[in-house]
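First up is the structure itself, then whatever we jot down about it.
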Amino acid sequence: MPLKIYNTMGRRKEPFDPLVPGEVRMYACGPTVYDRAHIGHARAALTFDMMWRYLEYRGYKVIYVRNYTDVDDKIIKRAQELGRGWDSLAEEQIEVYRQDMGALGLRTPTHEPRATQHIQEMLTIIQVLIERGVAYCVDGDVYFEVRRCPDYGRLSHRSLEELRAGARVEVDHRKRDPLDFALWKSSKLGEPSWDSPWGPGRPGWHIECSAMSMKYLGETFDIHGGGADLIFPHHENEIAQSECATGKPFARYWVHNGFVNIHAEKMSKSLGNVLAVRDLLEHVTPGALKIFLLGTHYRAPLDFSEEAIGSAGRAEERLLNALSEIRRVQEVESPKANASQRDGPLLRRILHAEREFTDAMDDDLNTPRALAAMFDLVRDINISLKDAERGSDTSTIDSLGLAGDVVRSLGSVLGVLHEDWREKRVFSDTRVTTGAQVDASDYLEARKAIDEAFQSGKPLPEDRVRIIVERRRQCRDEQDWAGADSIRAWLAERGVIVEDTPRGARWHLTGPRA
RNA sequence: GGCGGCGUAGCCAAGUGGCUAAGGCAGAGGUCUGCAAAACCUUUAUUCGGCGGUUCGAGUCCGCCCGCCGCCUCCA
């Protein structure tokens, strides 16, 4: 079954067939770097990171370019407000963006070009457009003349008339058509400025993506994407200026991800409901955030809610638990069976899950279905784990190991399931009792120390907590259930949760991070 | 006004006209446990916003209606 991708251009799923067999060139519009990344940026970056990973999983060699818009009205404005240089603000925010995307486990694209480092390439394209008579210069500004482009509106499926009718832009009488857009803007005093044949100025917004995508990927390349809001005017204008300059088709597949709403409202500065990735990661694991985002198909609008992301976190736990259980069983029971004796039913389920996963992803990257395939396999794993635990069938151990590998591998295609993320959870600081003896004076001293720390709001001293937990274990060994229960309750009041396992008591801290 | 999207169980969310409508969360039973917790298993939509229509057959196609949203202006 071939991979199919929804192409905004034709508004339908199309079989994906790259220009050069086996190789994919893709470009995604990156952020304008004037503020921290929010959850919408995360969704866009994740969508293309996931696409990249899946294309590689499918065997393609991928060149992935994502730009930084590091000169723009918003950056200039923000820098002025902050009383600092626009370039240092952009530089700082690029670093912040990298950190945030890194925290989400997103890979760094093959190239991350910046607009300011490609001024010359932009000037070249603008020059060609003027020579070809599709762009004109007025008072140091250069505009693209929209009506010289016969296909204008092809991507957004709107005619020039329709666009003019709905236009809310103020009419600038220097332009030949209200829809003409700036390729080059003359700089005002104090604004960033580069020399050009039309005087000092700075690039218009759209030209940078044409310049950078074509520089790194060629005049025609496979995939171009971004948020759905970029369809018009950004991508429409990119197509117009690129194709008019080269006379060749620009991008072949246009991919757009849906928006993130916050409690059914659009996220916007004015509503004050912008959710920064950084702030979000204070409360949830990257894995939970990604499972939440991938739980909705990338083209559909996604509504953020605490409840939904909480349930994604518990779903992540479910996947992680299965993996650690496999590991535990493997430690206890060494595989005895050879390959031919492997557990048949589980093997079949593994193959089924892999097929289901790729079918789902082939169908326009249907990550909700792909996740479902993983959860199905996890259920089968859990059932087999029960069998293995009963000790009746050691032949399943081998297949369980394989099943775990498959879950990990599918998880890494979606970029979820980094097992080390689990350690970063606030509530996952677990320890197991050792069997050490605790005498009465140590116990009383530990209680006192814990109470002092608790009352002053400090983190509880872990070594003292351990002493209490060991003391409780002694009570249990002596079948002093009342004593054990009262210690458990005492600890719970101070934010320590104790859970008994076959290997001893496990405890973790809640509340303020230990 | 123009263009487009959405409405599926308590919540989130898949679903190429045709076997019993994925999956996750929550809920309910159960296993395990001294008790708990955690974990795991089982279970939870005669029905897909409403009304008509096409079809042997529709959540899936068509029409109308109701409700919600996005784009047309910077925006992922």
**Request:** Tell me whether the centres of the aromatic rings in A:Tyr97 and A:Tyr68 are closer together than 6.0 Å.
**Result:**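 A:Tyr97 vs A:Tyr68: aromatic centres under 6.0 Å.
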**Prompt:** Taking the six-membered ring for Trp, are the ring centroids of A:Phe304 and A:Phe292 within less than 6.0 Å of each other?
**Reply:**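 Yes, close enough.
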**Request:** Return the nearest nucleotide to the side chain of A:Leu230; candidates are B:C35, B:C40, B:A76.
**Result:** B:A76
**Prompt:** Among B:A22, B:C40, B:G34, which is the nearest nucleotide to the side chain of A:Asp485?
**Reply:**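 My answer, after comparing the listed nucleotides, is B:G34.
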**Message:** When you compare the side chains of A:Tyr64 and A:Asp49, does any donor N or O come within less than 3.5 Å of an acceptor on the partner?
**Reply:** no
**Request:** Run through A:Tyr253, A:Tyr54, A:Tyr6 and flag the one making a ring-ring contact (aromatic ring centres under 6.0 Å, His included) with A:Phe16.
**Result:** A:Tyr253
**Message:** Applying the 5.5 Å / 30° rule, does A:Phe259 stack onto the base of B:G70?
**Reply:**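 It does not: the ring fails the test against the base of B:G70.
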Hey, does [X] reach any base, or is it just sugar-phosphate, or nothing, if we go heavy atoms under 4.0 Å?
X	value
A:Arg43	nothing
A:Asp73	nothing
A:Ala372	base

**Asked** Residues in salt bridge (charged side-chain N to carboxylate O under 4.0 Å, His left out) with A:Asp229, at least two apart?
**Response**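 With sequence neighbours excluded, A:Asp229 shows a salt bridge (charged side-chain N to carboxylate O under 4.0 Å, His left out) to no residue whatsoever.
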In whole angstrom, give the distance that lies between atom [atom1] of [X] and atom [atom2] of [N].
X	N	atom1	atom2	result
A:Glu325	B:A38	CD	C1'	10 Å
A:Ile291	B:C11	CD1	P	22 Å
A:Glu208	B:C74	CD	C1'	13 Å
A:Arg66	B:A76	CZ	P	13 Å
A:Asp380	B:G23	CG	C1'	13 Å
A:Leu163	B:C72	CG	P	11 Å

**Asked** How would RNA chain B look in dot-bracket form, 5' to 3', counting Watson-Crick and G-U wobble pairs with both distances under 3.5 Å and writing | for bases paired to another strand?
**Response** ((((((((.[[[..)..(....]]].(((((.......))))).....[[[[[..)....]]]]])))))))....
**Request:** Taking the six-membered ring of A:Trp481 (Phe, Tyr or Trp), confirm whether the NZ or CZ of A:Arg476 is under 6.0 Å from its centre and within 45° of its axis.
**Result:**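 No, a cation-pi geometry is absent between A:Arg476 and A:Trp481.
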**Asked** Is the A:His206 ring parallel, tilted or perpendicular to the A:His234 ring (thresholds 30°, 60°)?
**Response**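 Ring orientation, 0 to 90° scale: tilted.
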Please tabulate the protein-to-nucleotide N/O contacts below 3.5 Å involving nucleotides 24-29 of chain B, giving atom names and distances.
unit_1: B:G24; atom_1: OP1; unit_2: A:Arg379; atom_2: NH2; d: 3.3
unit_1: B:C25; atom_1: O3'; unit_2: A:Arg314; atom_2: NE; d: 3.0
unit_1: B:C25; atom_1: O2'; unit_2: A:Arg314; atom_2: NH2; d: 3.3
unit_1: B:A26; atom_1: OP1; unit_2: A:Arg314; atom_2: NE; d: 3.3

